[in-house]
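Working notes, structure below.
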Amino acid sequence: MAGPGTPASEPGKASENYRPPSARGRLIAIIAALLIITNVVTGLSAFYLAQPTVSAAALCPGSAGAAKAPAATVVTTSLGTDSSSSQFTFHIDPPFKPTAATVTVVGPWAGPEAEPFLRVLENFTRLTGTPVTYKNIRQEDLTQILPTQFASGTAPGDVIFMVSSFIKANGPAHMLKLTGNVSDAKYTPGSLDPVKVGTDNYGGVYTGKIKPGFWYRKSFFAAHNLTVPTTFQEFKDLVVKISKISGIRTPIVSGDGVGWPLSDVTEHFIATYGGAAMHRALMNKTKAWTAPDVRAIFADRLVPLLAGKCFSEPLEWNTVALTNWWGGLHALYFMGSWITGLVSNATDLGVFSLPAESGITRGIVFAGDYFFVPKYTANPTEANQLAEWLAGNEGQDYQVKQGGHIATALGVPLSDYPAVDRGVAQLMNGVQILSDLDDTIGGTFQTTFWSQLQLLWVSPNQLDSVLAAIQAKVPA
Amino acid sequence: MLLILLFVAYPVFATIGVSLFSSDGKFAGLANYGEVLGSPDTVNLNGFPKPPPFGTLIHSAIWIGIHLPLSLFLGLWLALVLRNVKGASWVKTAIFIGMVTPLIIGGILMLYIYDGSIGIVPKFFGALGIQGLAVGWMQRPTTLLFGLIFGSVWLWTGFSLIVYSAGLTTIPKDYWEAAQVDGTSTFRMFTRVTFPLLKPMTIVVITMTILWELKIFDLVIGATSPQGGVGGAADVLALQMYRYAFVEIPARRGVAAAVATFLSILTMVATVSTIRYMVKR
């Protein structure tokens with residue numbers, strides 16, 4: 001009758017002597033088994049779903065074997081500001097008691113990218129005596145912050161760098177018209193078009209960067225006897241050759257973040273093999289992403305490289321991808337010209353565009369850094385003063401001298417560019433200059449474009465659904 | 001009452017009102033609801049079986065289907081195991097830290113945990129020789145949603161652990177003792193004594209977990225993007241609402257309000273049905 005642990009001779013003390021059931025082994029085993037079964041079933045589901053539905057012969061067969069190459073540990077950048085934070089504030093005061101109000105600049109640059117711009121702002125403060133505070137906020141975040149602040153009649157800064165599509169859409173309602181240096185006569189032609197509403201400029205353009213092609217280390221190419229390709233076949237041969245080099249994970253590293261580096265690569269393929277005309281037609285929404293000729297660019301040029309494991313899976317662009325590429329785990333990296341300011345030895349950098357094909361007028365994307373002055377600024381005089389300075393050749397000259405940027409203002413001498421940037425500028429000879437496609441269209445098209453390209457990168461067999469999803473988000 | 005009218009009733013009716021108008025301010029009736037329910041963003045089973053995205057509604061269902069039993073049973077199991085263990089409060093505190101960690105931070109942690117180069121999960125599967133899972137989970141539509149769900153189990157288990165731990169202290173020891181005296185097996189003791197007496201806690205855990213799962217947002221946007229990650233494979237209802245209202249240019253606030261209303265109806269159905277069940281019992 002009595003169970004173990006409850007002596008029958010001491011019934012009155014049963015409660016006091018009670019021990020919670022100690023033999024719970026069976027119960028625990030059952031619950032543990034349930035958990036294991038649930039996990040295994042789910043894990044297996046994930047596992048089987050993870051298997052590629054289409055198997056393709058790998059174009060870059062050596063890459064798979066090098067998948068276990070150790071992560072690179074090379075530190076490529078030297079930072080003067082705190083790059084550990086993705087968002088920071090930096091204040092600049094003149095060496096005397098300022099009389100002007102402080103101008104707050106909101107920009108997308110952090111860490112080593114911000115350093116040259118902070119020096120530009122320091123020069124502005126030194127010349128004008130106007131204190132400046134720089135706040136780093138990513139443009140993806142501004143997309144969400146600004147509409148709310150505009151609705152309440154405020155803004156996070158006096159001069160704000162933002163994508164052109166946003167400036168164009170919100171200019172008349174929430175931004176000041178810019179004049180003076182911000183005029184067509186003082187810029188390279190067409191620079192202000194993306195921020196114009198009618199004839200009014202609601203934004204200015206600072207310097208810009210071009211997205212010229214694939215960057216490589218000259219020392220790596222020399223060590224492995226590699227040469228820059230002159231035809232697409234040579235390009236494919238090059239990546240196959242690279243894939244066989246010991247220690248290479250994949251020939252090309254894919255930068256990622258929210259998805260824009262992938263869109264830059266894609267735009268380069270379109271602008272090279274579909275030509276500037278196709279790029280503009282897609283941007284102007286007069287051509288569908290599902291059109292046969294657009295699909296062919298993907299199917300014939302990009303998808304074979306993705307399916308052939310010539311590109312890495314998307315990696316965070318300015319940490320993992322940059323470090324791995326510079327450390328020799330990958331040989332090629334498609335990135336904009338700002339990369340020259342992110343590596344420790346820019347003289348070791350080489351770059352080539354995808355080889356041209358006869359009969360196609362190629363284009364290269366030039367992405368200007370656009371800014372605006374919100375109507376809600378408390379310091380319109382100082383804000384306009386800074387906006388004009390950034391738009392003019394004086395402010396831009398400070399930036400281009402430090403590398404990585406191309407001036408949009410007329411009158412910046414070519415001799416002021418570092419040698420590597422002059423080389424980049426030469427790539428623009430004979431090609432048409434294009435605006436960044438997804439920045440220009442913006443909105444949910446842009447985020448869809450990015451996320452669908454992330455999908456294409458890991459599931460190239462889903463090309464048609466990817467193109468259909470992108471087309472579905474093209475605004476009317 | 002005034003506060004409820006001001007801060008609950010008014011926003012609810014205002015949202016419903018907005019959901020009946022198009023972006024250009026014209027009365028649209030239920031068109032926004034039709035647009036939401038007919039959108040591939042909400043339900044997308046074309047070509048099934050296929051990897052995600054399946055649409056936000058299906059994703060929420062998958063989230064509930066996997067996350068709810070895992071976090072509930074894991075919390076219950078830990079509560080039972082840790083009941084009379086010395087130093088259990090430290091273990092419970094450690095587990096509960098996941099619960100008090102901001103979910104946006106949890107989302108960013110997922111990026112590192114599942115990273116193909118440095119993440120502990122891919123490394124673990126790589127060590128087991130399962131190369132199909134030794135990849136970046138956040139970069140693949142096939143693993144993204146499951147990765148976030150498993151990660152959220154870690155973050156949410158602390159809740160069910162604490163609720164069940166509190167529930168176990170309310171059960172008189174005499175019940176177990178009587179069962180033990182009658183020679184009841186441990187399993188029957190659990191199914192006939194412990195688990196039935198924990199029913200109020202189970203209902204609380206189920207209700208709160210379903211509500212949490214339906215409105216999940218910060219974890220997903222922290223780990224992915226406003227689009228719900230690669231191909232929208234981890235898109236959820238709250239993210240869909242946010243995107244329509246704050247990412248799209250021009251914003252589609254009417255459609256966003258329709259998603260918000262739809263989400264509120266789903267959460268009300270879950271809450272009311274469980275509370276009614278609880279009261280009936």
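In the text below, chain A, chain B and the rest are named by the order of the sequence lines, each starting its count at 1.
Heavy atoms of A:E316 lying under 4.5 Å from chain B are absent altogether. Heavy atoms closer than 4.5 Å to chain B are found nowhere in A:I441, neither backbone nor side chain. Only the side chain of A:S459 comes within contact range of chain B, judged by heavy atoms closer than 4.5 Å. Heavy atoms of B:F125 lying under 4.5 Å from chain A are absent altogether.
The neighbour count for B:L45 CG, taken as heavy atoms of other residues, nucleotides or ligands under 6.0 Å away, is above 12.
Counting heavy-atom pairs under 4.5 Å between each of B:G116, B:G229, B:G232 and chain A puts B:G229 at the top.
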Scan the side chains in residues 468-476 of chain A for donor-acceptor partners under 3.5 Å anywhere in the protein, sequence neighbours excluded, and list what turns up.
{"unit_1": "A:Q471", "atom_1": "OE1", "unit_2": "A:W289", "atom_2": "N", "d": "2.7"}
{"unit_1": "A:K473", "atom_1": "NZ", "unit_2": "B:D41", "atom_2": "OD2", "d": "3.4"}

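Not counting sequence neighbours, the partners of A:D436 by the side chain to side chain donor-acceptor pair (under 3.5 Å) test are A:K211. Taking B:P53 as the reference, B:N44, B:H59 meet the side chain to side chain contact (heavy atoms under 4.5 Å, CB included) condition, with sequence neighbours excluded.
Using modelled atom types and a 3.5 Å distance limit, the side chains of A:T447 and B:Q227 yield a donor-acceptor pair.
Taking OH from B:Y244 and OG1 from A:T444, the interatomic distance works out to 8.0 Å, rounded to the nearest 0.5 Å. The structure places CE of B:M138 at 13.0 Å from CG of A:D256, a figure rounded to the nearest 0.5 Å.
Of all residues spanning residues 166-173 of chain A, those with a heavy atom less than 4.5 Å away from chain B's heavy atoms are A:F166, A:A169, arranged by number.
Counting only heavy atoms from C-beta outward, the side chains of B:V230 and A:S451 never approach each other to under 4.5 Å.
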